Asks: 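Here you go, one structure.
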Amino acid sequence: MEIDDTLKRRLRRTVLIVALLNFGYFFIEVTVALAIGSVSLFADSVDFLEDTAVNLLIFFALSWTLANRARMGKVMAGIILIPALAAAWQAISKFSNPETPDPVALIVTAGGAIVVNLTCSLLLARIRHHGGSMSTAAFLAARNDVVVNVAIIAMGLLTLWVQSGWPDIVLGLVIIVVNVTAAKEVWEAAHEESLAAKVIAGEEL
């Protein structure tokens with residue numbers, strides 16, 4: 001079903017706020033990640049950039065038809081995989097030399113990320129059922145990010161104890177799994193929208 005103008009304005013306002021929050025914190029987290037050499041924090045910083053892209057795409061795509069929104073949902077499923085690829089590249093590159101990232105900087109930065117992602121999750125939870133696969137993509141990304149940030153803090157505490165870079169690398173690999181799962185869920189939601197568009201158009205399934 002199509003989105004009315006009032007709801008469309010509400011959706012656009014929400015995703016624009018979320019996009020700006022993600023874009024702002026991306027610069028903070030990527031700077032810290034590169035400075036301390038953290039695989040998991042780097043993957044999470046790329047994820048902030050991915051969330052920015054997803055929400056901006058939603059902002060511009062809400063005026064599209066159901067069929068086009070379904071296509072965009074499938075594109076977003078691919079976009080969600082970007083942080084996974086970044087985490088894989090970083091993790092593999094550190095296998096031969098697993099340096100220990102600064103656990104204090106890691107924990108503090110992940111704590112700030114939790115505040116940003118939790119705020120975004122609460123905003124997006126109100127619209128997740130109104131924008132189809134696109135708003136589902138944004139909500140799932142923000143929700144998963146909160147879980148990842150908590151895991152980064154726990155990993156930081158473990159790193160402080162064992163003084164090894166391996167916990168950071170392992171968590172980077174876990175982030176890959178989280179993003180692949182989210183991408184699968186978004187793809188499935190977009191596929192359902194595509195089928196609904198065909199039914200509305202009277203096409204055979």
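Residues take their numbers from the sequence shown, with the count starting at 1. Note that the structure is a prediction, hence the values are computed from the model and not measured.
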Asks: Sort out for me which residue in L16, L20, V15 forms a side chain to side chain contact (heavy atoms under 4.5 Å, CB included) with L56.
Replies: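 The single option meeting the side chain to side chain contact (heavy atoms under 4.5 Å, CB included) with L56 is L16.
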
Asks: Report whether L118 and F48 are members of the same hydrophobic cluster (ILVMFWY, side-chain heavy atoms less than 4.5 Å apart, transitive linking).
Replies: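 No, no single cluster joins them.
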
Asks: Any idea which heavy atoms bring N22 and C120 closest together, and the distance?
Replies: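 Where N22 meets C120 most closely, the heavy atoms are ND2-SG, 3.7 Å.
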
Asks: Closest approach of D102 and V104, non-hydrogen atoms and distance?
Replies: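 Where D102 meets V104 most closely, the heavy atoms are OD1-N, 3.1 Å.
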
Asks: Using the rule that two of Ile, Leu, Val, Met, Phe, Trp, Tyr join whenever any of their side-chain heavy atoms come within less than 4.5 Å, decide whether W89 and V174 are in one cluster.
Replies: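 W89 and V174: separate clusters.
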
Asks: How close do P167 and V162 get, heavy atom to heavy atom, and via which atoms?
Replies: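 Result for this residue pair: CG-CG2, 4.1 Å.
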
Asks: Roughly how far apart are I152 CD1 and T159 OG1, rounded to 0.5 Å?
Replies: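 I152 CD1 to T159 OG1: 11.0 Å, rounded to 0.5 Å.
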
Asks: Using modelled atom types and a 3.5 Å cut-off, is there a donor and acceptor pairing between side-chain atoms of T14 and backbone atoms of L124?
Replies: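 No; judged by distance alone, with no hydrogens or angles, the pair does not exist.
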
Asks: Got a second to check how far M155's CE is from W166's CH2, nearest 0.5 Å?
Replies: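 Going from CE on M155 over to CH2 on W166, the span is 13.5 Å.
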
Asks: For the residue pair I107 and G156, what are the closest heavy atoms and their distance?
Replies: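 So the minimum-distance heavy-atom pair works out to CD1-C, 3.8 Å.
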
Asks: Mind checking whether L158 and I169 sit in one hydrophobic cluster, side chains of I, L, V, M, F, W, Y counted as touching below 4.5 Å?
Replies: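 No, no single cluster joins them.
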
Asks: Considering only heavy atoms from C-beta outward, does the side chain of D47 approach that of D145 to under 4.5 Å?
Replies: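 Result yes, sub-4.5 Å side-chain heavy-atom pair found.
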
Asks: For residues F27 and V54: do they belong to one hydrophobic cluster (side chain heavy atoms under 4.5 Å, members Ile, Leu, Val, Met, Phe, Trp, Tyr)?
Replies: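 Per the 4.5 Å side-chain linkage, F27 and V54 are co-clustered.
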
Asks: Under 4.5 Å between any side-chain heavy atoms of V39 and V170, yes or no?
Replies: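 Not in contact.
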
Asks: Kindly assign one of parallel, tilted or perpendicular to the pair F26 and F23, based on the angle between their ring planes and the thresholds 30° and 60°.
Replies: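 Plane angle under 30°, so parallel.
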
Asks: Hey, does T109 have a side-chain heavy atom less than 4.5 Å from the side chain of Y25?
Replies: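 Y25 vs T109: side chains touch.
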
Asks: Please determine whether residues I17 and L49 belong to a single hydrophobic cluster, defined as Ile, Leu, Val, Met, Phe, Trp and Tyr linked transitively by side-chain heavy-atom distances below 4.5 Å.
Replies: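 Cluster IDs for I17 and L49 match.
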
Asks: Can you check whether S40's main-chain N or O pairs, donor with acceptor, with D44's side chain at less than 3.5 Å?
Replies: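 Judged by distance alone, no pair lies under 3.5 Å.
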
Asks: Which heavy atom of D168 sits nearest a heavy atom of L41, and at what distance?
Replies: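 Result for this residue pair: OD1-N, 4.4 Å.
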
Asks: Under a 3.5 Å distance rule, please check whether N55 uses its side chain to pair with a backbone N or O of D51 as donor and acceptor.
Replies: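 A pair under 3.5 Å: yes.
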
Asks: For the residue pair G165 and P101, what are the closest heavy atoms and their distance?
Replies: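 The pair with the smallest heavy-atom distance is CA-CD, 4.3 Å.
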
Asks: Could you check if a side-chain atom of T52 sits within less than 4.5 angstrom of a side-chain atom of L21, using non-hydrogen atoms only?
Replies: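 Not touching, per the 4.5 Å side-chain cut-off.
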
